[in-house]
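Data first, discussion second: the structure below is written as structure tokens.
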Amino acid sequence: MSQSTGQLVGKIVLITGAGRGIGRACAQLCAEQGAHVLVNTRTQDTADAAALEIRTAIPHARVDGIAFDVGDTAAVKSAFQAIHRNYKRLDVLVNNAGILRDALVGMVSESLFDEVMRTNFGGTFYCAQMAARLMARQSSGSIINLSSIIGRYGNSGQAVYGASKAAVLGLTYSLAKELGPNNIRVNAIAPGFIETDMTASLPEAKRDDIMRGVRMNRIGKASDVAGAVLFLSSDYSAYVTGQVIGVDGGMII
Amino acid sequence: MLQDRLIKAFSEGLEISKDLVTDELSFQGIQEWDSVGHMTLIASLESEFDIMFDTDDVIDLSSVAVAKKILEKYGVGPF
């Protein structure tokens, strides 16, 4: 694909938590499709390294690293001010950054609760808030929030994680209603069992148990989620807002 | 002139006549400047002056007179 073709040519796309896993796959696919991608991680070194790797793999790609912690509201504000200063617009925000901290409900500490909610929900909220401000100026934009199948249906040992991802869905529905008049679309993706660093550490028995519920009989790939992100980033979803796309191989039907 | 640009930003952001844009014009003082209109106004001001307000300033911007003071914090002005 050349620099002037693709579904996202001319679009500025910010992807949080894009150093690896789902975020990284999204960054790569968006870059392939002609977007100018801003790869976010917590440190500038890792953001720049991820950007460089994508540029190396895709010679025409326009990819920059941008470091900030989505759970740090001051850092989020500064980052979006920098985006305004340097790029003047933002077309797509992919709220992907998140953490997984499992604990049975009786073992949930205040610090675990705060950390998960601050990153998974707070980070999504504050990035969406700032993105909406930039997108309102251009009367267009797409905000894509990464929820989880756990946020829709729950799971033992994941009360806080599930609650944080359910909160993301509530945020998605409300923002879709509020920002629709500004031509800003807000949708969510709820991945199922996806092969990432977060799921690789699961015990084999647990993996087998989960796999029994996957109708398509294979674990999902980060690129499967990236495909849904591409759809919601592109003009092919121009009339789609307030929706949740399950990318779960038929775990829930 | 800055004053003209300010009036233009308010007029376009709130979709009102430029004649209505005086220092006394305030949030919820007219039908058009409600909470939804406020966010459109903020976008209009930010675009006109190429700035990005802090969220606290978005909340505090309650009149044309206050807007002038806030804009001066961002190097726009004095009016």
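Here is the naming used below: chain letters follow the sequence lines, and residue numbers restart at 1 for every chain. This structure is a prediction, so every number in the text was calculated from the model and none was measured.
Residue A:Q138 does not touch chain B at all, counting heavy-atom pairs closer than 4.5 Å. No part of B:V36 comes within reach of chain A, as not one of its non-hydrogen atoms sits under 4.5 angstrom from that chain. Both the backbone and the side chain of A:M130 have a heavy atom closer than 4.5 Å to some heavy atom of chain B.
Here A:R133 is the residue among A:K77, A:Q81, A:R133 with the most heavy-atom pairs under 4.5 Å with chain B.
A donor-acceptor contact under 3.5 angstrom links the side chains of A:N145 and A:T172, judged on distance only.
Between A:R42 and A:D72 no salt bridge is recorded (no basic side-chain N to carboxylate O distance below 4.0 Å). A salt bridge links B:D50 with A:K88; the closest basic N to acidic carboxylate O contact falls under 4.0 Å.
By the neighbour-count criterion of 12 heavy atoms within 6.0 Å, atom CD of A:E178 is sparsely surrounded, having that number or fewer from other residues, nucleotides or ligands.
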